[in-house]
Amino acid sequence: MSEASVFTRILEGEIPSEIIAETDRAFAIRDIAPKAPIHLLVIPKTEQYRDVVSLADGDPSLLAELVALARRVATEAGADDFRLVFNTGPGAGQTVFHVHGHVLAGDLTEGSLVG
Ligand code: AMP
């Protein structure tokens, strides 16, 4: 078994971070290096899926749960509109291979591409 991902270690309390919302199968935190005024991450509790393509193939209802959690945390942060980004593969800037969605909101005029 390879080492637990940074997000699993946060979930297990090994790395400090505030869990700002959760469901049975997903949780949300603030990105440590925000690229927008609001920059949150929505993450399945399992690290079984490395990216959004494998998540959509393996458990589409969990992907739908992540999208709903993104809507909820954006609303709670005061945003009606938001961008939901899944970097997919190293060439697209993915650095953590435990699928997660970036929830970006606020002033996005700079583009706010993450990665
Ligand atoms: P990606 O590059 O799409 O794989 O996104 C990984 C994201 O995780 C980056 O935006 C990082 O800033 C973020 N990140 C890494 N470590 C932490 C941490 N300990 N707490 C919160 N966010 C983190």
Nearest heavy-atom neighbours spanning [X] and [Y]:
X: Gln94; Y: Asn87; answer: OE1-O, 3.2 Å
X: Ala77; Y: Ile38; answer: O-CD1, 3.6 Å
X: Ala105; Y: Ala36; answer: O-CB, 3.8 Å

Rounded distance [0.5 Å steps], [atom1] in [X] versus [atom2] in [Y]:
X: Leu63; Y: Tyr49; atom1: CG; atom2: OH; result: 11.0 Å
X: Asp31; Y: Leu40; atom1: CG; atom2: CG; result: 8.5 Å
X: Glu18; Y: Arg30; atom1: CD; atom2: CZ; result: 4.5 Å
X: Leu84; Y: His102; atom1: CG; atom2: NE2; result: 9.5 Å
X: His100; Y: Glu47; atom1: NE2; atom2: CD; result: 12.5 Å

Could you identify which residues cluster with Leu41, counting Ile, Leu, Val, Met, Phe, Trp and Tyr as linked when any side-chain heavy atoms lie under 4.5 Å apart, either directly or through a chain of such contacts? Val6, Phe7, Ile10, Leu11, Ile15, Ile19, Phe27, Ile29, Ile43, Val96

Other ILVMFWY residues reachable from Phe97 by side-chain steps of under 4.5 Å: none

hydrophobic_cluster_shared for Leu62 and Val52, side chain cutoff 4.5 Å: yes

Residues two or more places apart in sequence or in another chain: which of them pass salt bridge (Lys or Arg N to Asp or Glu O under 4.0 Å) with Glu14? Arg9

pair Val99-Ser54: side-chain heavy atoms closer than 4.5 Å: no

Find out whether Asp51 and Phe86 are in side-chain contact, i.e. whether some heavy atom of one side chain is under 4.5 Å from a heavy atom of the other. no

Verdict with supporting geometry, Leu55 and Leu66, side chain to side chain contact (heavy atoms under 4.5 Å, CB included): CA-CA 10 Å; Leu55 177 60; Leu66 272 196; 4.0 Å; yes

The side chain to side chain contact (heavy atoms under 4.5 Å, CB included) partners of Ala74 (sequence neighbours excluded) come to Arg71, Ala79, Phe82, Val103

Residues passing the side chain to side chain contact (heavy atoms under 4.5 Å, CB included) test with Arg72, sequence neighbours excluded, are Ala21, Thr23, Leu69, Glu76

Kindly write out the residues that satisfy side chain to side chain donor-acceptor pair (under 3.5 Å) with [X], not counting sequence neighbours, or none if the list is empty.
X: Arg50; answer: none
X: Ser5; answer: Thr8, His98
X: Glu22; answer: Lys45
X: Thr46; answer: none

Strictly by salt bridge (charged side-chain N to carboxylate O under 4.0 Å, His left out), give each pair with a member in residues 52-61 just once, sequence neighbours left out. Arg25-Asp59

